[in-house]
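Nothing fancy with the numbering, it's 1 onward along the sequence. In listed order, ligands and their atoms are each counted from 1.
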Amino acid sequence: MNQKAGDTIRREDRIGYGIGGIMAKKIKKVAVLTSGGDAPGMNAAIRAVVRAALSSGLEVDGIRRGYMGLIEEDIIEMNAMSVTDIVQRGGTILYTSRCPEIKEKKGLKRAVSVCKQHNIDGLITIGGDGTFRGAQDLSELGLNTIGIPGTIDLDIACTEYTIGFDTACNTAMEATDKVRDTSASHERCSIIEVMGRTAGHIALWCGISNGSEYVMVPERPEANDEKKIIEKILSKRRVGKKHHIILKTEGMGDSYKMAKRIEEATGIETRATIIGHIQRGGNPTCKDRVYASAMGARAVDLLLEGKTNRVVAYRHGKYTDYDIGEALAMTKDVDPILYSLTKRLSR
Ligand code: ADP
């Protein structure tokens with residue numbers, strides 16, 4: 001039942017055959033939800049969906065708490081004023097959740113029937129890969145769905161931009177600057193642990209922007225060689241460096257234990273700082289507000305064009321879209337040029 005790229009109009013949605021070919025059923029109402037991990041800029045995307053839809057003559061519903069709210073019918077009507085004063089705010093006014101029920105047939109059927117009851121013709125889901133899997137399953141049951149990439153981790157392969165990454169990097173960078181000041185005063189070594197799940201993009205960007213000596217990303221397991229890290233710290237100390245920063249992605253071992261081992265091996269006081277959830281919050285950067293706005297409006301346009309099962313992306317300098325199945329099958333590496341730069345610039 002999986003639809004192919006470009007195969008966007010289901011037979012039951014075709015209402016007539018015009019001179020130019022098949023006409024899609026006219027979309028009258030769209031709904032928007034946020035799902036999975038929250039990310040700064042999601043509100044800007046919600047605002048864009050609502051305002052773009054209204055400006056195209058559509059009605060808009062907001063679904064609260066992601067797929068959970070869809071199943072539980074936690075649905076609110078949105079108007080232009082529902083999204084006033086949110087473009088600059090972190091988090092998501094629609095709340096988010098993780099909803100295992102949507103992975104089951106029963107939950108999916110319930111979600112589709114709720115959409116039917118509320119006359120929702122198209123569903124825009126803002127989230128990560130998991131959220132898109134849910135959207136794909138719903139699309140297979142006949143609901144028109146569009147995904148918008150919202151995750152601070154940048155771990156969606158089809159796009160070079162995801163909502164929240166820029167803000168999260170700036171937050172982690174500023175936090176690392178602060179740790180660096182105290183680390184330099186005490187001539188310490190600092191391990192800074194940043195978020196990223198299984199992707200090292202935040203560590204990589206912070207590693208370069210913070211001038212760190214070592215960047216540990218899961219895409220390059222060989223970088224987790226503590227012996228090499230210790231040798232590097234000692235060699236830099238010998239040439240007069242007074243403090244050291246190691247940028248480490250979460251999930252690559254216990255940072256506190258690593259700090260202890262490095263301190264024992266080098267004799268240099270070493271501390272670990274886990275930046276944690278502050279990376280998810282805060283006012284989105286200008287870039288996150290603008291890109292999220294463009295993607296929100298684009299998602300509405302895709303529904304208006306009769307498309308379904310697509311994910312909005314930014315690639316090669318352009319906004320574009322991909323079939324969700326194709327997008328989920330793509331794989332992503334850390335930028336090899338940036339990664340080699342971390343080594344070249346920390347000699
Ligand atoms: P993200 O969307 O940020 O990747 P999750 O992986 O937690 O976050 O997924 C968010 C939600 O998407 C889940 O709680 C669930 O409702 C839905 N989801 C995740 N994986 C699947 C799947 N394999 N099939 C259907 N829905 C899924």
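- Shortest contact from atom 16 (O) of ligand 1 to any protein heavy atom: Cys99 O, 2.7 Å.
- Note that CG of Asp74 and CG of Asp61 are 11.5 Å apart. Values are rounded to the nearest 0.5 Å.
- In terms of polar-atom proximity, defined here as any N/O pair under 3.5 Å, Arg98 does make such a contact with ligand 1.
- Scanning the protein heavy atoms around atom 20 (N) of ligand 1, the nearest turns out to be Lys103 CE, 3.4 Å.
- Taking CD of Gln117 as the start and CD of Glu73 as the end, the distance is 5.0 Å to the nearest 0.5 Å.
- Nearest protein neighbour of atom 4 (O) of ligand 1, counting heavy atoms only, is Gly130 N, 3.0 Å.
- Listed by number with element, the atoms of ligand 1 under 4.0 Å from a non-hydrogen atom of Thr131 are 1 (P), 2 (O), 9 (O), 10 (C), 12 (O).
- Protein heavy atom nearest atom 11 (C) of ligand 1, with residue, atom name and distance: Ser35 OG, 3.4 Å.
- Interatomic distance, Ile120 CD1 to Asn144 CG, rounded to the nearest 0.5 Å: 12.0 Å.
- Under the 4.0 angstrom criterion for non-hydrogen atoms, Arg197 is in contact with ligand 1.
- Considering each of Asp137, Ile126, Thr125, the one bringing a non-hydrogen atom nearest atom 25 (C) of ligand 1 is Asp137.
- In this structure, a donor-acceptor pair under 3.5 Å is present between the side chains of Asn79 and Ser82.
- Note that the CZ atom of Arg197 and the CD atom of Glu250 stand 8.5 Å from one another [nearest 0.5 Å].
- Here is the list of ligand 1 atoms found below 4.0 Å of a heavy atom in Gly37: 3 (O).
- For Asp166, the salt bridge (charged side-chain N to carboxylate O under 4.0 Å, His left out) test picks out no residue, with sequence neighbours left out.
- Across Thr167 and Pro284, no two heavy atoms sit closer than the pair OG1-CA, 3.3 Å.
- Remark: Asn170 CG to Trp205 CH2 distance equals 10.0 Å, nearest 0.5 Å.
- Under the side-chain contact (heavy atoms from CB on, under 4.5 Å) test applied with Arg188, the options Val179, Ile245, Thr182 reduce to a single match, Thr182.
- Around atom 3 (O) of ligand 1, the closest heavy atom drawn from Pro100, Ala135, Gly128 belongs to Gly128.
- At under 3.5 Å, not a single nitrogen or oxygen of Gly127, backbone or side chain, sits near a nitrogen or oxygen of ligand 1.
- Remark: minimum distance from atom 8 (O) of ligand 1 to any protein heavy atom is reached at Gly36 CA, 3.5 Å.
- At a 3.5 angstrom cut-off on N or O pairs, Tyr67 does not count as close to ligand 1.
- Under a 4.0 Å criterion applied to the non-hydrogen atoms of Ile102, ligand 1 contributes the atoms 15 (C), 16 (O), 17 (C), 26 (N).
- Applying the 6.0 Å contact sphere to OH of Tyr95 captures no more than 12 heavy atoms from other residues, nucleotides or ligands.
- Using a 4.0 Å cut-off between heavy atoms, Thr151 makes no contact with ligand 1 at all.
- Of all protein heavy atoms, the one lying nearest to atom 22 (C) of ligand 1 is Arg133 CB, 3.5 Å.
- Residue-ligand proximity, Gly134 to ligand 1, at heavy-atom distances under 4.0 Å covers atoms 25 (C), 26 (N), 27 (C).
- With rounding to the nearest 0.5 angstrom, the NZ atom of Lys287 is 7.5 Å from the OH atom of Tyr161.
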